[in-house]
Amino acid sequence: MEKKHLRIESRLAQIGSVEEPVTGAVTFPIYQATAFRHPRLSQSTGFDYSRTKNPTRAVLEEAAAGLEAGDAGFACSSGMAAIQTVFALFGQGDHLIVSLDLYGGTYRLIERVLSRFGVSATYVDTNDLDALEQSRKPNTKAIVIETPTNPLMMVTDLEAVCGWARHHGLISIVDNTLLTPFFQRPIELGADIVVHSATKYLGGHNDVLAGLIVTKGKELSEKIAFLHNSIGSVLSPSDSYQLMRGMKTLALRMERHEYNATTIALFLKEHSAVDEVFYPALPEHPGYEIQQKQSSGNTGIFSFKVKDARYVEPVLRHIKLIAFAESLGGVESLMTYPAVQTHADIPLEIREAVGVDDRLLRFSVGIEHVDDLIADLDAALKAAVAEVEGGAGR
Ligand SMILES: Cc1ncc(COP(=O)(O)O)c(C=O)c1O
């Protein structure tokens, strides 16, 4: 059966398992070679030098393109390397429209690196078509969207916004890190380019740093291929293997991440130490309906605000099973304090305007037993309340 006719679970499990024709190995080998013999002058096996194309990386890239319904895939040394490679499409005098709430590292790259190459950006609520229209300039070249956003889980209607962008000749770039192609495929909804921090759910085990780009259309695919090779932001063969190994179990992991996150979000919503939970799986979330329409499931990460900023330090000190650490998307549960960690590079006034304040905690829910996670979190919240208020928690 042709791969494109398989369901996504089958395609994921089979990544790299049918491409090795010599030995029939069911997992694709790691080709560590950086150089490949040329049969004759002006002849090539298709592989010359590993920065340009490596057999192991090529299997991963083809799988990524297929999973995201794109035409070409590019594996990069990190999510930021992927984003920077895409941003290299732009130069002096170009303008970008960017999601107001987004990963702090992307903001830092735009403001502190891209700006030095003469590229400017306006940050807007990408669901507000009037605001988008107002921020569009004659030199606007692209729109950069995260949906849901990290950390506030704002949801953008991709079909509407990518349609608007196409109408105005803008490239739509979507960071699909939080949902992965298992739950959401932005290219099918009109995006031109998808980027990933594959370090997160795709890798899934907090043990490989990687990024992916998937492009739609010949022209963009050729431009990104040129930039990927010219910049050299490529993923190593062994990390390509490691990433494929993680991706094989993506479907199972995402289902468990979603179940655990939904159960815990419902628990926290009723908790007396918690003010608000930001998770698009909850019907009261402003992005709930759009999320239902454009995705087949929910990510395993959400944010919540404790009632008092003084609870944050003791909560982070008292969690035991959940690690206080700065990433997301792995099998192990991690908790992050965005205001001082992932989003520290975003100026205070922007952070506070979008709601990334000193009461916000981000929870990347792993695949542990949900009851153990709830017990750990509940104990930490109760201990924090007791320390701060001098009384019992819940
Ligand atoms: C949504 C999102 N995009 C991009 C990145 C950057 O990826 P990496 O850390 O793999 O460079 C991150 C990292 O946290 C992220 O959360």
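Every number for a ligand or one of its atoms is a count from 1 in the order of the listing. Quantities reported herein were computed from a predicted structural model and do not represent experimental measurements.
Counting heavy atoms only, Ser197 comes closest to atom 7 (O) of ligand 1 of the residues Ala81, Pro151, Ala210, Ser197.
The cationic group of Lys141 does not satisfy the cation-pi geometry with Phe90, failing either the under 6.0 Å distance to the six-membered ring centre or the 45° limit from the ring axis.
Counting protein heavy atoms only, atom 15 (C) of ligand 1 is closest to Tyr103 CG, 3.7 Å. Of all protein heavy atoms, the one lying nearest to atom 11 (O) of ligand 1 is Met80 N, 2.9 Å. Scanning the protein heavy atoms around atom 3 (N) of ligand 1, the nearest turns out to be Asp175 OD2, 2.7 Å. Taking atom 10 (O) of ligand 1 as the reference point, the nearest protein heavy-atom neighbour is Thr199 OG1, 2.6 Å. Looking only at protein heavy atoms, the nearest one to atom 16 (O) of ligand 1 is Asn150 ND2, 3.0 Å.
The closest approach between Glu326 and ligand 1 stays at or above 4.0 Å for every heavy atom of the residue. At least one heavy atom of Ile83 sits under 4.0 Å from some atom of ligand 1.
Within the listing of ligand 1, atoms 7 (O), 9 (O), 12 (C), 13 (C), 14 (O) sit less than 4.0 angstrom from a heavy atom of Lys200. Close approach of ligand 1 to Gly79 (heavy-atom distance below 4.0 Å) involves ligand atoms 7 (O), 8 (P), 10 (O), 11 (O).
For the residue pair Ser364 and Leu328, the shortest heavy atom distance occurs at OG-CA, 3.3 Å. Heavy-atom minimum distance, Leu158 versus Gln294: N-OE1, 2.9 Å. The two residues Ser295 and Leu179 have their closest heavy-atom pair at OG-CD1, 3.6 Å.
If you look at His285 and Tyr279, their ring centroids are not closer than 6.0 Å.
The shortest N/O to N/O separation between Thr106 and ligand 1 does not fall below 3.5 Å.
Residues Ile367 and Leu266 fall into different hydrophobic clusters, defined by Ile, Leu, Val, Met, Phe, Trp and Tyr side chains chained together at heavy-atom separations under 4.5 Å.
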Derivation of the salt bridge (Lys or Arg N to Asp or Glu O under 4.0 Å) call for Asp275 and Arg359: CA-CA 9 Å; Asp275 213 12; Arg359 290 191 293 129; 2.9 Å; yes

